[in-house]
2 protein chains.
Amino acid sequence: MATITPARRQATTALLDAAEELLVEVGHAGVTVRALAERAGVNQGLVHYYFGSMDELLLQTLERFTARLIERQRALYAGPEPFVEKWRTAMRHLTDDLESGYQKVWLELQAMAWNHAGMRDRVRQVLYTWVGVLRPAFQDGLAELRIDEERLPADVAVALVATFNQGIILEQLSGADSGHRLLLDWIDEQIASAERRAAGPPRGG
Amino acid sequence: MATITPARRQATTALLDAAEELLVEVGHAGVTVRALAERAGVNQGLVHYYFGSMDELLLQTLERFTARLIERQRALYAGPEPFVEKWRTAMRHLTDDLESGYQKVWLELQAMAWNHAGMRDRVRQVLYTWVGVLRPAFQDGLAELRIDEERLPADVAVALVATFNQGIILEQLSGADSGHRLLLDWIDEQIASAERRAAGPPRGG
DNA sequence: CATTGCCTTAGTCAATCGACTAAGGCACAG
DNA sequence: CTGTGCCTTAGTCGATTGACTAAGGCAATG
């Protein structure tokens with residue numbers, strides 16, 4: 001019986017989906033065996049039979065979610081379109097992901113990880129993978145915009161973007177806004193004007 | 001009997017202290033009535049007698065903590081020293097606060113607030129107060145550095161600083177680092193060179 | 001010294017938690 | 001049709017939770 005039965009695959013998927021839904025709706029403290037089972041429409045014994053423990057289920061929830069996160073990021077920056085376009089897509093995600101609950105899931109998982117060594121390692125690894133995707137994309141992007149490595153090193157740009165993005169996400173979850181629209185519009189204008197300069201004279205003296 | 005007995009004041013303070021300690025050590029899920037009472041060295045019945053409920057105790061923990069947070073920020077930017085010095089103090093806090101557990105307390109309280117409407121309002125208010133302190137400080141700072149409002153509006157600078165700071169804090173709690181030192185050193189150099197320019201010729205053509 | 005009334009305590013309560021298990025079901029091999 | 005073994009289920013277990021309360025303590029008052 002090497003094959004996993006369709007019923008089993010469906011049940012495990014339903015449980016992982018339910019975990020994400022509960023993270024969005026009530027936070028990680030509300031993810032209990034019974035709530036999961038009810039939401040997924042399965043018996044609560046399945047959680048232990050399939051996953052062994054709550055911990056393992058949550059770890060797999062983290063694995064599945066972060067795999068998606070990285071995949072989307074990789075796909076975005078692997079595209080052939082100009083850098084400014086990728087940037088705008090990424091910034092649009094900031095808004096879209098709030099509505100979809102994506103960010104809530106991610107930060108609830110992070111909050112769990114603050115007090116869970118195993119999850120913390122995984123979260124750190126995800127961030128490093130994310131930065132690893134960002135770095136070459138920004139090296140190319142800055143070159144494309146003819147912004148000197150000396151004026152703004154790619155590593156610095158990556159750190160700045162990574163951190164202010166996470167800050168925006170954090171503020172959004174508290175329903176706060178220190179001026180996101182203003183900031184994003186300003187950056188967009190900086191990139192746009194750099195693009196205009198880059199398209200202009202091959203390089204002034 | 002208008003006065004609150006010293007014993008009572010001591011016990012309530014001990015409970016609020018214990019709440020912060022537990023937030024640092026085990027996260028907000030570990031803040032239980034019994035754990036609080038044991039840590040504070042008082043009877044568990046006191047939590048309800050003094051605070052009425054866990055919720056109220058945690059709200060007061062949030063109140064007390066954020067009052068300190070804002071006060072420190074206000075004191076920092078109210079000082080007479082040049083902007084760059086205030087900036088460096090603020091950035092030093094980023095590292096110090098990690099070790100002291102300050103940041104863990106603050107983010108655990110925020111994480112609670114994601115699923116607690118009453119706390120969320122308070123967290124938002126704290127952020128706005130924070131930004132309200134930052135804005136005039138940055139208006140003065142940018143003027144001091146002779147950075148044109150047109151080149152970098154103060155509101156944009158504030159939003160950028162507020163968000164990337166929170167992003168750094170978030171990464172620190174996961175034990176991750178997308179390049180904080182690099183970023184902070186780069187910004188420091190930008191400010192330092194702006195200061196040199198500002199101290200130089202009164203303004204070139 | 002006796003009384004009054006708030007303060008403080010130990011202990012109890014129902015509810016809920018993660019974990020676990022006995023038992024029946026069901027698809028498949030022979 | 002029968003046996004075999006994994007799959008799935010309902011139900012139980014001790015531990016822990018927030019909430020609550022009866023009863024004793026103790027300082028202030030007259």
Side-chain angles (χ1 to χ4, degrees), chain A residues 1-19 21-23 25-62 108-109 111-113 115-119, chain B residues 1-19 21-23 25-62 108-109 111-113 115-119:
Chain A
M1 301 307 101
T3 32
I4 294 170
T5 66
R8 177 167 185 155
R9 178 162 297 281
Q10 190 176 355
T12 54
T13 302
L15 282 169
L16 293 176
D17 289 344
E21 289 173 22
L22 287 172
L23 285 175
E25 292 171 26
V26 292
H28 67 259
V31 184
T32 66
V33 173
R34 287 167 177 82
L36 271 173
E38 187 183 3
R39 175 65 60 109
V42 301
N43 188 276
Q44 60 146 310
L46 287 184
V47 171
H48 288 89
Y49 190 78
Y50 288 155
F51 295 93
S53 69
M54 258 312 268
D55 252 39
E56 178 57 26
L57 188 147
L58 288 167
L59 274 170
Q60 290 196 25
T61 304
L62 177 62
E108 284 285 352
L109 286 169
M112 291 186 67
N115 306 291
H116 189 304
M119 296 185 75
Chain B
M1 296 287 100
T3 32
I4 294 171
T5 66
R8 176 167 186 156
R9 178 162 297 281
Q10 190 176 355
T12 54
T13 301
L15 281 169
L16 293 176
D17 290 344
E21 289 173 23
L22 287 173
L23 285 176
E25 292 171 26
V26 291
H28 66 261
V31 184
T32 67
V33 174
R34 287 167 177 83
L36 271 174
E38 187 184 4
R39 175 66 60 108
V42 302
N43 188 276
Q44 60 145 311
L46 287 184
V47 171
H48 287 91
Y49 191 79
Y50 288 155
F51 295 93
S53 68
M54 260 308 271
D55 251 39
E56 178 58 25
L57 186 147
L58 288 166
L59 273 171
Q60 289 196 25
T61 304
L62 176 62
E108 284 286 351
L109 286 169
M112 290 186 67
N115 305 291
H116 189 304
M119 295 184 76

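All values below come from the heavy atoms of this structure, side chains included, with hydrogens, waters and symmetry mates left out. Just so it is clear: chains get the letters A, B, ... in the order the sequence lines come, proteins before strands, and each one is counted from 1.
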Take atom [atom1] of [X] and atom [atom2] of [N], then tell me their distance rounded to the nearest Å.
{"X": "A:Asn43", "N": "C:dC20", "atom1": "CG", "atom2": "C1'", "value": "12 Å"}
{"X": "B:Arg9", "N": "C:dT8", "atom1": "CZ", "atom2": "P", "value": "13 Å"}
{"X": "A:Tyr50", "N": "C:dA19", "atom1": "OH", "atom2": "C1'", "value": "18 Å"}
{"X": "B:Leu46", "N": "C:dC6", "atom1": "CG", "atom2": "C1'", "value": "14 Å"}
{"X": "B:Tyr49", "N": "C:dA10", "atom1": "OH", "atom2": "P", "value": "16 Å"}
{"X": "A:Leu57", "N": "C:dC20", "atom1": "CG", "atom2": "P", "value": "15 Å"}
{"X": "A:Phe51", "N": "C:dC20", "atom1": "CZ", "atom2": "C1'", "value": "17 Å"}

Check your understanding: Counting N and O atoms only, with roles assigned by atom type, does the side chain of A:Glu108 sit under 3.5 Å from a partner on the main chain of A:His28, one being a donor and the other an acceptor?
Key ->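 At least one qualifying donor-acceptor pair exists.
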
Practice item. Sequence neighbours left out, what pairs pass salt bridge (Lys or Arg N to Asp or Glu O under 4.0 Å) with at least one residue falling in residues 35-49 of chain A? Key: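 As it turns out, the salt bridge (Lys or Arg N to Asp or Glu O under 4.0 Å) pairs with a partner in residues 35-49 of chain A, which skip direct neighbours, are A:Glu21-A:Arg39, A:Glu25-A:Arg39.
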
Euclidean distance, [Y] [atom2] relative to [X] [atom1], rounded to 0.5 Å:
{"X": "B:Gln60", "Y": "B:Leu15", "atom1": "CD", "atom2": "CG", "result": "10.5 Å"}
{"X": "A:Thr32", "Y": "A:Leu22", "atom1": "OG1", "atom2": "CG", "result": "7.5 Å"}
{"X": "B:Leu62", "Y": "B:Met112", "atom1": "CG", "atom2": "CE", "result": "8.5 Å"}

Review point. Should B:Tyr50 and B:Leu57 count as side-chain neighbours, where that means a heavy-atom distance under 4.5 Å?
Key: no

Revision key, fill the gap. In 5'-to-3' order, the base (B), backbone-only (S) or no-contact (-) status of each nucleotide in nucleotides 17-24 of chain D, using a 4.0 angstrom heavy-atom cut-off, is BBBB----

